[in-house]
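Since the structure comes first, as structure tokens, the remarks are kept for the end.
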Amino acid sequence: MIVTLPDGTELELPEGATGADAAAAIGPGLARAALAVRQAGEVRDLARPLIAREALEIITAKSGRDALDLIRHDAAHVLAAAVMELYPGVKISIGPPIEQGFYYDFEFPDGVTVTEADFDAIEARMREHIAAGETFDRAEATVVEALARFRAEGQDYKVELIEDLVRDQGIDTVSVYRNGPFTDLCRGPHAPGTATIGAVKLQSVAGAYWRGDASRTMLTRIYGTAFFTKKELEAELERLEQARARDHRRLGRELGLFTFSEVSPGSAFWLPKGTTIFNQLVGLSREMGEERGFTEVKTPQLYDSELWKTSGHWDKYRQNMFVTEAEDREFGLKPMNCPGHAHLFAGQRWSYRDLPVRYSEPGLLHRNELSGTLHGLLRVRHFAQDDAHIFCTEEQIEQEVRTCLEFAMETFAIFGFAVELELSTRPEQRIGSDEMWDRAEGALQKVLDDEGLSYQVNPGDGAFYGPKIDLHTTDSLGRSWQLGTVQLDYSMPERFGLVYTGADNADHRPVMIHTARMGSFERFIGILVEHYAGEFPLWLAPVQATVLPISDKHADAAHAVASTLRGQGLRVDVDDRTESLGRRIRDGELARAPYLLVVGEREAADGTVSVRRRHEGDIGTMPVAEFAAVAAAEIAERREAPAPA
RNA sequence: GCCGGAGUAGCUCAGCUGGUAGAGCAACCGCCUUGUAAGCGGUAGGUCAGGGGUUCGAGUCCCCUCUCCGGCUCCA
């Protein structure tokens, strides 16, 4: 049998040779390091026969993602083994590797709860399995044998998994892996043994529905992570520690940007500094929108439930709306701007010459999100979006989508962070003809391709009224959040009876495009705080410069400098507390001040300031006017701030 | 909403098996008059999330509620 190695050479092996044989044929060092092989796009056990004439890659600890996934999957089995020993009667379900580690889901016997306090004991037992150097032995079992075995053990979840595999894929055998005393239904692959798990740590415990279905049993999920070396594990734990330090909830409090209170769960209280940032972003959105033909409107907060019945929200979304009543009329606070904008559009006659009409509104929205989903600024009940709705003709869709997408990408470029794009296509339950969906999806896809953007397709994830492009990014801990969106909507125009007069003097139905770039300003600021670790670029910084008089003899001069700079439009504070200069510099640094301007005897005499720049330290003395010009240029260009050395 | 955890001064936290609440930082008041990341001294500050219960006695034990944290589900 011949297989091709990554460098193009061909390796000849006896028929039936395994991955281990191949590694040994290449060299004894590789034979020791080999963990698995990759062939035909699939990671396979070292002990399994190779596929002839397929490219072969030997996976070792240096193989990155593939290697980590292997030992984390191994670690999940070791976790299950330890848990079964410590908690007799526990039922096991599934335990895959994930981006940052692994988890395993269990159903513990009645009355047993596992908390982080139990981790030491579980980890100790896991280390015993690792120290024992158990091998992972793969075996095939017939469905009949496997079902009998797992039924006998009372492992109901394994039984269900096998039954579903039989039903959906018609399989008649399954693979099981054994390490030490523990055997698990598993597709594999695994490393040869437990010994390659160099370092393992359990991290958290959480509830998780069996098969992600809220109507089924809530299992107990234990999360952990594993690495080849203790050093790598420690580096990861250190990274997580630093990520927590830039958590927007913590920085928001420390920097005085916003607070939360029990009196209004899920709603931020914006302090002056946070409000400044908020207003800068609204200003940016407004400025960029005006350049692109968006016109701002203002629509009400509260609407008669009739409007929500027209829009369809009453049927589909009512449990997420805040509803109230007055004088026997039922009202709902708006969770979205679109019905208001559609109503506005319906209020006048439109010619095809008027289209597209682009209404934007950074309006306040309320959504009654489930209490358990609230999360700092990233998931709130009260927020504003850089929201807009475009009313256009079928022919204009492509151009308008292009404008929206470019608008979004140009917005993100200002902040220098990457977004992931997702194209969601027609769901099972939908309105409109297949031709309509073909056109709509085609238009979105064409723009994405024309712009050379990479994106993921989520088949069936579109809204019932049209396909959409969503823009996602991640927070400091790697959790994904949706920011912007571009959604085609054929439904709302229908429901509101929207029309324009075409060149043929007949009525036509416009198409509506829902779009946002940053999404909610709240969420965007949360992401920005973590992205910048609180060190905002000058144009966003709540306080752009803090003037520090050396002693109270220079307070007047410091205030004069501040007043001059404010006259130039800069946001300037004076810290004239009777604290030592060192202390006030420290406080300024901790407040992430972009510039600290020291004013003492010399500066007061010649109209200068001694400039200390964040991360650069003392950059020398310059005339006040010169500093103002430097800062103004930095702000005008929305320049990124210097990074830590 | 569901599972688990947590809630003590403005913030970070201590408070052993029940016996009248404590530290650091911040705040306030003085002194110091300060040259690029913490000057010194003093003062004040708590319905121990809220409510109910057990007990001679509850921050500590039990129950309910609220909020937050980690996940899951949801996000038209």
Side-chain angles (χ1 to χ4, degrees), chain A residues 98 103 105-108 113-118 203-223 244 247 249-250 253-254 256 259-266 308 311-321 335-336 338-339 367-376 379 427 429 461-466 468 470 477 479 481-482 485 487 489 491-492 514 519 548-555 576-591 593 596-603 610-614 616-621:
Chain A
I98 53 174
Y103 67 79
D105 284 350
F106 302 96
E107 183 184 342
F108 287 95
T113 52
V114 170
T115 73
E116 292 183 19
D118 301 308
Q203 293 172 299
S204 61
V205 57
Y209 298 110
W210 168 235
R211 306 218 129 169
D213 183 343
S215 70
R216 306 204 59 181
T217 317
M218 173 72 67
L219 304 173
T220 301
R221 174 169 299 177
I222 297 178
Y223 283 94
R244 274 188 279 274
D247 187 310
R249 293 165 294 192
R250 174 172 169 169
R253 185 178 55 242
E254 287 175 2
T259 63
F260 286 89
S261 163
E262 292 189 15
V263 300
S264 186
W308 303 117
S311 70
H313 289 81
W314 204 252
D315 284 342
K316 296 194 186 308
Y317 199 67
R318 191 179 168 188
Q319 69 284 1
N320 283 313
M321 285 177 61
M336 294 181 175
C338 36
R367 297 183 187 176
N368 192 4
E369 304 287 2
L370 292 176
S371 57
T373 64
L374 301 177
H375 186 99
R379 184 72 173 255
Q429 301 256 319
D461 265 3
F464 70 93
Y465 50 71
K468 59 178 183 170
D470 289 331
L477 287 171
R479 294 176 286 219
W481 299 92
Q482 184 184 322
T485 188
Q487 305 183 3
D489 183 356
S491 166
M492 201 80 74
H514 307 241
L548 308 178
I550 298 272
S551 80
D552 58 12
K553 289 199 286 286
H554 317 106
D576 56 3
R577 290 175 300 157
T578 61
E579 295 284 356
S580 68
L581 181 66
R583 171 53 177 273
R584 285 175 291 146
I585 284 174
R586 176 180 155 81
D587 288 346
E589 292 284 350
L590 291 176
L596 296 173
L597 307 176
V598 177
V599 175
E601 210 59 49
R602 296 192 296 275
E603 291 82 1
S610 171
V611 182
R612 183 186 167 99
R613 192 171 196 209
R614 191 174 61 207
E616 293 189 351
D618 190 348
I619 59 171
T621 299

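In what follows, every chain begins at residue 1, and chains take the letters A, B, ... in the order their sequences are listed.
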Just the atom pairs and distances: protein N or O near nucleotides 44-47 of chain B's N or O, under 3.5 Å.
none

Are there any protein N/O atoms within less than 3.5 Å of an N/O atom in nucleotides 9-12 of chain B, and if so, which ones and at what distance?
{"residue": "B:rU12", "atom": "OP1", "partner": "A:Arg253", "partner atom": "NH2", "Å": "3.0"}

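Salt-bridge annotation for A:Asp618 and A:Arg612: absent, with no side-chain N of the basic residue lying under 4.0 Å from a carboxylate O of the acidic one. Ion pairing between a basic and an acidic side chain is recognised when a charged N comes within 4.0 Å of a carboxylate O; A:Glu369 and A:Arg379 show such pairing. Salt bridge present: A:Arg577 and A:Asp587 bring a charged side-chain N and a carboxylate O closer than 4.0 Å.
Every residue meeting the side-chain contact (heavy atoms from CB on, under 4.5 Å) condition with A:Ile98, not counting sequence neighbours, appears here in chain and number order: A:Tyr103, A:Tyr223. The side chain to side chain donor-acceptor pair (under 3.5 Å) search around A:Arg253 returns none, not counting sequence neighbours. Residues that satisfy the salt bridge (Lys or Arg N to Asp or Glu O under 4.0 Å) test with A:Arg584, not counting sequence neighbours, are absent from this structure. Checked against side-chain contact (heavy atoms from CB on, under 4.5 Å), A:Thr578 has no partners two or more places apart in sequence or in another chain. In this structure, A:Glu116 has no side chain to side chain donor-acceptor pair (under 3.5 Å) partners at least two apart in sequence or on a different chain. Residues meeting the salt bridge (Lys or Arg N to Asp or Glu O under 4.0 Å) test with A:Arg586, sequence neighbours left out: none. With sequence neighbours left out, A:Arg367 forms a side chain to side chain donor-acceptor pair (under 3.5 Å) with no residue at all.
When the P atom is used for both B:rG70 and B:rC56, the distance is 42 Å, rounded to whole Å. Using atom P as the reference point in both B:rG42 and B:rC25, the two lie 12 Å apart (nearest Å). Taking atom C1' in both B:rG39 and B:rA58, the straight-line distance is 44 Å, to the nearest Å. Distance check on atom C1': B:rC40 versus B:rU55 gives 49 Å, rounded to whole Å. Here, B:rG7 and B:rU12 have their C1' atoms 14 Å apart, quoted to the whole Å. Here, B:rA37 and B:rG45 have their C1' atoms 28 Å apart, quoted to the whole Å. Separating the P atom of B:rC29 from that of B:rC64 is a span of 47 Å, rounded to the nearest Å. Taking atom C1' in both B:rC32 and B:rC69, one finds a spacing of 44 Å when rounded to whole Å.
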Step by step, work out the side chain to side chain contact (heavy atoms under 4.5 Å, CB included) result for A:Tyr209 and A:Met218. CA-CA 4 Å; A:Tyr209 298 110; A:Met218 173 72 67; 3.2 Å; yes

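No donor-acceptor pair closer than 3.5 Å links the side chain of A:Thr217 to the backbone N or O of A:Leu219. Under a 3.5 Å cut-off, the side chain of A:Asp552 and the backbone N or O of A:Ala555 do not form any donor-acceptor pair. Using modelled atom types, no side-chain atom of A:Glu616 and backbone atom of A:Arg613 make a donor-acceptor pair closer than 3.5 Å.
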Does the protein touch nucleotides 67-76 of chain B at the base, only the backbone, or not at all? Give it as B, S and - per nucleotide, heavy atoms under 4.0 Å. SSSBBBBBBB

Which letter, B, S or -, goes with each nucleotide of nucleotides 23-29 of chain B from 5' to 3', with contact meaning a protein heavy atom under 4.0 Å? ---S---

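Look at CZ on A:Phe108: it is 12 Å from C1' on B:rC3, rounded to the nearest Å. With rounding to whole Å, A:Glu601 atom CD is found 15 Å from B:rU33 atom P. One interatomic measurement links the two molecules: CG of A:Leu596 to C1' of B:rG35, which rounds to 13 Å at whole-angstrom precision.
Counting heavy atoms of neighbouring residues, nucleotides and ligands inside a 6.0 Å radius, atom CD of A:Glu601 does not exceed 12 of them.
Checked against A:Asp247 for a salt bridge (charged side-chain N to carboxylate O under 4.0 Å, His left out), the options A:Arg244, A:Arg250, A:Arg249 give a single hit: A:Arg249.
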The dot-bracket string of RNA chain B, counting Watson-Crick and G-U wobble pairs with both distances under 3.5 Å, using [ ] for crossing pairs and | for pairs to another strand, is (((((((..((((.....[..)))).(((((.......))))).....(((((..]....))))))))))))....

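One cannot find a donor-acceptor pair under 3.5 Å joining the base of B:rA38 and the side-chain atoms of A:Arg584.
No contact: A:Ser215 has no heavy atom under 4.0 Å from any strand.
Counting all heavy atoms, side chain and backbone alike, A:His554 lies closest to A:Val599 at CB-O, 3.6 Å.
With the nearest nucleotide of RNA chain B identified for both A:Lys553 and A:Ser580, A:Lys553 has the one nearer the 5' end.
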